[in-house]
Amino acid sequence: MNSLKKVSPTTKSDRPMLLPFVADGPVYTPGRMSFEGKKRVFKLSSNESPIGVSLKVVEAIKRTAAEQHLYPEADGGPLAYAIGEKYSLDPARILVGPGSDQIINWIVRSWLTIGDEAVYSNHGFQTYRIRTVTAGASAIAAPESAMKTDIAAILDSITDRTKVVFIANPNNPTGTYLTRDEVIELRSRIRPNILLVMDEAYYDYVDRPDYCSTIELVDDFGENTIVTRTFSKYFGMAGMRAGWAYVPSWTMGALSRVRGPFTVSKIALEAAIACLDDTEYQKASLAHNQKWLPWLLNAIRSLGYETTESVANFVLMKIPGGTEAAVEFDKNLRDLGFIGRLAHQNNLPDWLRLTIGSEQAMVGLAAALKKLNE
Ligand SMILES: Cc1ncc(COP(=O)(O)O)c(C=O)c1O
C-alpha cells in the first residue's frame with residue numbers, strides 16, 4: 001500500500017513558493033479590541049456605530065436563524081434589489097459583498113496585476129495600498145495638502161501604467177472630503193480609461209451643502225466610475241459584513257466572476273435588507289453623530305490640540321512631540337479606558353483617530369484627554 005511520505009521539518013525550499021508580493025506584502029492593522037488589565041474600556045478604534053444594532057436587524061437575524069441549512073441567493077440579488085429601491089438605482093448594476101473592503105479587493109483583482117499602478121491619496125484608507133500591492137501591482141501615494149486629497153497631486157501621480165484611482169470620500173482617517181465640483185473636476189481630468197473608485201463608506205454622515213455622492217455622477221461619467229458603500233458604520237452592521245458597489249454595467253460580468261457565488265450569508269442579506277428599512281435607526285445614527293462630532297472636535301481643540309476638519313464619525317488629532325510621544329499618549333489614554341487608533345498605517349504616525357462613541361464615552365474621553373493634558 002502506498003503511504004504518504006512525511007517531509008518533516010519543512011524548509012523554505014520544500015514549500016511551494018508563495019507569490020513574493022503576497023508572502024512579503026503589507027498587512028492590515030485592525031483597531032484594537034481590548035486592553036489588558038482594563039475591565040471597562042471604550043473601543044473608539046474602528047468607527048463602529050455607537051447606538052448599537054437596529055432592532056429590525058435583530059428580528060431579521062432571528063427570523064433567518066432556522067434557515068441556515070440553505071444557501072443564500074448566489075449573487076445576493078434580494079439585497080441588490082432592496083438597495084436599488086431605496087436609492088432609485090438599477091439593481092442590475094449593484095454588486096453586493098461581505099463588506100466594502102472585499103469589494104475593493106474584487107476591483108483590484110479585476111484590474112490590477114504586475115506592472116500596473118493604482119493611485120491613492122497619501123493619507124488614504126490602508127486597504128487600497130494593501131490590496132494593490134498583494135496583487136503584484138504598485139500603489140502610488142499622491143501627496144495631500146492640508147490633510148485633504150489634492151486633485152493636482154493625484155493627476156501628477158498618474159502615469160501610463162495607472163489603471164485605477166482610489167479615493168475615500170470622506171477619507172479615513174482624515175475625515176476630510178472632496179466637494180461635488182472637485183469630484184467632477186477629478187473625473188473629467190483623469191484619462192477616461194482610468195477607473196475611478198469613490199469609496200463612500202462614510203457618506204451618510206456628511207452634512208455639507210457642497211458634498212454629494214458620486215452615485216449621482218456615475219451616469220454622467222458612467223462608464224468608468226465605481227462607488228462603494230458599506231453597512232458597517234452608519235447602519236450599525238460591522239459584525240455582519242455587508243457592503244455594496246454601484247458599477248458600470250460592462251464591469252458586472254467580470255466582477256461577478258472574481259467575486260464567485262454565495263459571498264454574502266443568508267443572515268447578512270436579510271439583516272442588511274432590514275436595516276435599509278429602519279429609518280428610525282438611521283435618523284438616530286445621524287442625530288447622534290451630528291451632536292457629538294462637533295462636541296468632541298470642540299473639546300479637543302479647546303485643549304489646544306490640532307485636529308482635521310472631519311465630517312465623518314471620527315476625529316483625528318495631532319499628538320505633539322512626534323511618533324514616540326504619540327505612542328506614549330495612545331497608551332496613556334488606553335490606561336484611562338479609551339482605545340483609539342494611531343494612524344501610522346496612513347503615514348500619520350503622530351496622529352490619533354478616535355471614533356464618535358456613546359455619550360458616556362465622549363464625556364469620559366474629554367475628561368481623560370484633559371487629564372493627559374495637565
Ligand atoms: C474608507 C473605508 N472604506 C471601506 C471600509 C471597509 O468597510 P467594510 O469592509 O466594513 O464594509 C472602511 C472601514 O473602516 C473604511 O474606513
Side-chain angles (χ1 to χ4, degrees), residues 28-33 43-50 53 57 76 79 83 94-108 118 120-132 139 141 144 147-149 164-178 183 196-206 211 213-215 226-246 259 263-265 268-269 271-272 275-276 285 289 308 310-316 339-343 345-346 348 351 353-357:
Y28 184 86
T29 315
R32 278 176 195 263
M33 305 282 282
K43 183 182 174 230
L44 305 174
S45 54
S46 299
N47 299 341
E48 293 151 328
S49 172
V53 69
V57 167
L79 176 57
I83 293 166
I94 294 171
L95 180 77
V96 301
S100 53
D101 187 278
Q102 197 52 247
I103 293 176
I104 290 161
N105 186 32
W106 300 337
I107 293 170
V108 167
Y120 69 107
S121 210
N122 188 25
H123 307 311
F125 182 47
Q126 52 172 321
T127 279
Y128 313 141
R129 177 175 54 86
I130 294 169
R131 297 297 195 181
T132 299
E144 299 201 5
M147 303 291 271
K148 186 181 148 174
T149 299
V164 183
V165 171
F166 288 106
I167 307 281
N169 197 31
N171 183 44
N172 168 17
T174 54
T176 54
Y177 71 101
L178 290 180
V183 180
L196 174 63
V197 179
M198 296 298 299
D199 174 347
E200 297 185 352
Y202 301 95
Y203 158 80
D204 303 270
Y205 294 109
V206 187
Y211 173 82
S213 168
T214 307
I215 281 187
I226 287 181
V227 170
T228 61
R229 295 270 184 96
T230 182
F231 287 99
S232 299
K233 319 287 177 184
Y234 173 80
F235 289 96
M237 287 215 339
M240 265 290 148
R241 312 307 299 128
W244 57 281
Y246 194 51
R259 177 200 63 205
T263 53
V264 185
S265 73
L269 286 180
C275 84
L276 277 176
S285 193
N289 205 62
T308 58
S310 175
V311 295
N313 71 336
F314 51 84
V315 301
L316 185 69
I339 305 178
R341 177 122 158 220
L342 285 174
Q345 285 280 7
N346 315 86
L348 292 169
W351 289 74
R353 196 193 71 192
L354 294 157
T355 304
I356 300 303

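Counting convention: from 1, in listed order, for ligands and their atoms alike.
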| Taking 4.0 angstrom as the limit, do R131 and D101 come out as a salt bridge? | yes
| query | Does D199 reach ligand 1, in the sense of a heavy atom lying below 4.0 Å from it? | reply | yes
| What protein heavy atom sits nearest atom 12 (C) of ligand 1, and how far away is it? | F125 CZ, 3.3 Å
| task | Assess the side chains of N171 and T176: does a donor N or O sit below 3.5 Å from an acceptor N or O? | result | no
| Do R129 and Y120 meet the cation-pi criteria used here (NZ or CZ under 6.0 Å from the six-membered ring centre, within 45° of the axis)? | no
| task | Heavy atoms only: give me the nearest S213-E200 pair and the separation to one decimal. | result | OG-OE1, 2.8 Å
| request: Heavy-atom contacts with R241 under 4.0 Å: which atoms of ligand 1 show up? List them by number with element. | output: 8 (P), 9 (O), 10 (O)
| query | For ligand 1, which atoms sit closer than 4.0 Å to a heavy atom of N172? | reply | 1 (C), 14 (O), 15 (C), 16 (O)
| Shortest protein heavy-atom distance from atom 6 (C) of ligand 1, along with the residue and atom involved | S100 OG, 3.4 Å
| task | Kindly say whether the aromatic ring centers of F166 and F125 come within a distance under 6.0 Å. | result | no
| query | Heavy-atom contacts under 4.0 Å between Y202 and ligand 1: side chain, backbone, both, or neither? | reply | side chain
| remark: Near K233 (heavy-atom distance under 4.0 Å), the atoms of ligand 1 are 13 (C), 14 (O)
| Is S232 in polar range of ligand 1, meaning some N or O pair under 3.5 Å apart? | yes
| Among N346, V315, T308, N47, whose side chain to side chain contact (heavy atoms under 4.5 Å, CB included) with P173 holds? | N346
